[in-house]
Amino acid sequence: MLKYMTTGESHGQYLAALIEGVPSGLAVDLDYINGMLRHRQQGYGRGGRQKIEQDQVQILGGVVKGVSTGAPIGFLLVNNDFKIDKMPELFRPRPGHADLVGSIKYHQGIRPVLERASARETAMRVAVGSLCRLFLKEFGIEVENHVIQIGPVKADVSDDLTAEEIRRRKQGSEVSCICRDAEKKMMAAIDEARRSKDTLGGRFEVRVSGVPIGLGSYVHHERKLDARIAQHAMSMQSVKAVEIGAGVSLAETFGSKSHDEIFFDKEKKTYFHKTNRAGGIEGGTSNGADIVVRMTMKPISTLGQPLASVNMQTKDAEKADFERSDFCAVPAGSLIGASIVSVVIAEAFLEKFGGDSMTEIRRNFEGYLRQIQNG
Ligand code: EPS
C-alpha cells in the first residue's frame with residue numbers, strides 16, 4: 001500500500017517526506033521531480049518568498065543508483081528562509097486560516113500553527129506526487145493540470161481536451177491557462193488584487209489520461225476512487241470544493257443529458273463513451289475515460305487590508321495580523337492538485353496490480369489488459 005507523510009514548518013530548517021510502498025525497479029528521475037518543484041514556485045501572483053527559495057529535494061534513502069529499491073523513500077528540502085525561532089508571535093488570528101482553531105485546539109500560540117498549516121508544505125506533496133507521476137508514466141498514464149478560473153475570469157474550455165493538448169497549450173502561460181484571452185484578464189485581475197492589497201482564488205482542472213477500467217471499486221465506501229480523490233483534494237490548503245466530471249452542473253440537467261452512453265469498438269475490442277460527464281469514474285471505479293477533477297481554491301486568507309479579528313491576549317476587537325504571503329496561488333495550486341491526484345491514482349493502481357517490483361506489476365497489468373481484450 002502506498003503511504004506518505006510530510007514533516008516540516010514553513011520557516012523551519014527543512015521540509016521532508018517519507019513514502020512507503022514504492023516498488024523496486026522504478027527509475028527515479030530527480031531532475032524531473034525538481035523541475036516540478038520549480039514549477040510550483042512559479043505563477044503570476046506569488047509573493048516574495050519564492051525569490052528566496054530554490055526548492056530542490058535530495059533523496060535520503062530507498063533509491064540506489066537512481067532506481068527505487070522497494071524500501072521507504074525519503075525526500076529532504078532545505079529552507080533558505082530558515083528563521084522560525086526568530087519569527088514574532090501573532091495574537092490576532094486571520095479569518096480563514098488555521099490560526100484560531102489551531103491555537104485553541106493545541107493550547108499554544110499562533111506561530112507554530114501557521115508554520116505548519118502554511119501552503120509551503122505543498123512542496124513535499126509535489127515531490128511525492130511527481131514520484132507517483134513517474135510511476136504512472138511507466139504504464140502510459142499522464143496527469144495534466146490547467147487553471148480555468150481566477151476570481152471572476154473564466155477560461156473557455158472545451159470538454160474533450162487531451163492531457164497532451166493541455167500541456168502544449170498552456171506552455172509559457174504565467175497562470176497555467178490554455179486560453180490566451182482569459183490569461184490576460186486573469187493577470188489583470190491579480191494585478192487589481194495586488195493593488196488593492198487583496199487576494200484571489202479560482203478553479204483548476206486536473207486530467208488523467210490512460211487510466212485502465214477498474215481502479216477503485218463500488219463495493220466499499222473507502223475504496224471508491226472519486227471519494228478518495230475528493231478526500232485528498234480537500235486536504236490541500238485553500239481547497240473548498242471538488243468536482244468530478246460535470247460536477248455541480250449536473251444539478252441543472254436531465255438524466256438523458258447527464259450520463260455517457262456506452263458503445264463498443266469491435267475492431268479495438270473495447271467499450272467506450274462519446275461523452276465524459278462522469279469524469280472517468282462510474283460507481284467509484286475508473287471507466288477508461290480521462291479522469292477529470294476540478295478543484296476550487298478560496299482566496300488566500302492573509303490580507304494586506306486585514307479583516308476583523310480579536311486580540312487573543314486582551315480579547316479586544318482588532319484587525320487580523322498580516323505577514324508576507326501570496327496574492328493568488330491558483331496557478332501553483334493547479335500543479336499541487338495534479339500531484340495530489342497522482343498519488344491517489346498511483347495508490348489505486350498499486351492496489352489493483354500491486355507487486356514488489358516494477359516487473360511484477362507490469363506482468364499483472366499486462367495480464368489484466370489481455371483479460372479485458374478477451375472479454
Ligand atoms: C509558500 C510559502 C509561504 C507563503 C505561502 C506559500 O511563505 P512565507 O509565509 O514565508 O511568505 O508564501 O503560504 C501561504 C499562502 C499560507 O497561507 O501560509 C510556498 O512556498 O508555497
Side-chain angles (χ1 to χ4, degrees), residues 6-17 33-34 36-57 75-90 92-103 109-130 145 147 150 175-176 190 193-194 197-202 204 235-240 295 297-304 306-307 309 320-340:
T6 71
T7 182
E9 280 72 37
S10 182
H11 303 95
Q13 197 163 4
Y14 310 108
L15 294 170
I33 295 170
N34 282 329
M36 287 296 176
L37 285 169
R38 270 192 295 280
H39 273 303
R40 193 200 72 93
Q41 290 194 272
Q42 292 157 6
Y44 205 68
R46 288 294 237 166
R49 179 72 183 269
Q50 305 313 325
K51 295 190 183 82
I52 302 170
E53 303 295 344
Q54 284 182 314
D55 292 350
Q56 294 220 315
V57 285
F75 285 137
L76 184 75
L77 185 155
V78 177
N79 276 326
N80 288 337
D81 207 18
F82 165 43
K83 56 181 181 191
I84 193 164
D85 297 333
K86 299 187 190 94
M87 297 293 279
E89 184 46 289
L90 306 183
R92 293 158 283 248
R94 294 160 294 173
H97 219 286
D99 300 352
L100 178 66
V101 289
S103 170
I110 291 175
R111 174 56 60 189
V113 176
L114 76 93
E115 287 289 335
R116 179 60 189 163
S118 166
R120 180 133 188 85
E121 187 255 355
T122 59
M124 297 327 294
R125 308 253 211 144
V126 169
V128 175
S130 303
N145 56 280
V147 170
I150 287 183
V175 285
S176 294
I190 296 169
R194 189 185 277 117
K197 297 186 175 174
D198 218 321
T199 59
L200 275 180
F204 60 84
S235 79
M236 178 179 149
Q237 291 83 342
S238 293
V239 167
K240 292 303 262 185
M295 302 185 207
M297 285 171 73
K298 66 181 178 182
I300 282 168
S301 43
T302 308
L303 301 177
L307 297 176
S309 184
D321 280 312
F322 174 75
E323 280 205 350
R324 176 187 63 199
S325 189
D326 300 324
F327 301 97
C328 177
V330 181
S334 71
L335 172 64
I336 299 158
S339 308
I340 285 173

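For ligands, and for the atoms within them, numbers begin at 1 and follow the listed sequence. These figures come from a predicted structure and were not determined experimentally.
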Go through the structure and list residues passing salt bridge (Lys or Arg N to Asp or Glu O under 4.0 Å) with D198, not counting sequence neighbours.
-> none
For D55, what residues pass the salt bridge (Lys or Arg N to Asp or Glu O under 4.0 Å) criterion, not counting sequence neighbours?
->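 Counting only residues at least two positions away or on another chain, D55 forms a salt bridge (Lys or Arg N to Asp or Glu O under 4.0 Å) with R40, R120.
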Ligand 1: which protein N/O atoms lie under 3.5 Å from its N/O atoms?
unit_1, atom_1, unit_2, atom_2, d
ligand 1, 7 (O), R49, NH1, 3.3
ligand 1, 10 (O), H11, NE2, 2.6
ligand 1, 10 (O), R49, NH1, 2.9
ligand 1, 10 (O), R324, NH2, 2.6
ligand 1, 11 (O), R324, O, 3.3
ligand 1, 11 (O), R324, NE, 2.9
ligand 1, 17 (O), H97, NE2, 2.9
ligand 1, 18 (O), S118, OG, 3.2
ligand 1, 20 (O), R40, NH2, 2.9
ligand 1, 20 (O), Q50, NE2, 2.9
ligand 1, 20 (O), R120, NH1, 2.9
ligand 1, 21 (O), R40, NH1, 2.8
ligand 1, 21 (O), R40, NH2, 3.3
ligand 1, 21 (O), R46, NH1, 3.4
ligand 1, 21 (O), R46, NH2, 3.3

Under 4.0 Å between a Lys/Arg side-chain N and an Asp/Glu carboxylate O for D99 and R111?
->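 So D99 does not pair with R111 through a salt bridge.
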Sequence neighbours excluded, the answer for side chain to side chain donor-acceptor pair (under 3.5 Å) partners of Q56 is none
Which heavy atom in I300 sits nearest to a heavy atom in T199, and how many Å separate them?
-> O-OG1, 2.7 Å
For S118, does its backbone N or O pair with a side-chain atom of S10 as donor and acceptor, under 3.5 Å?
-> no
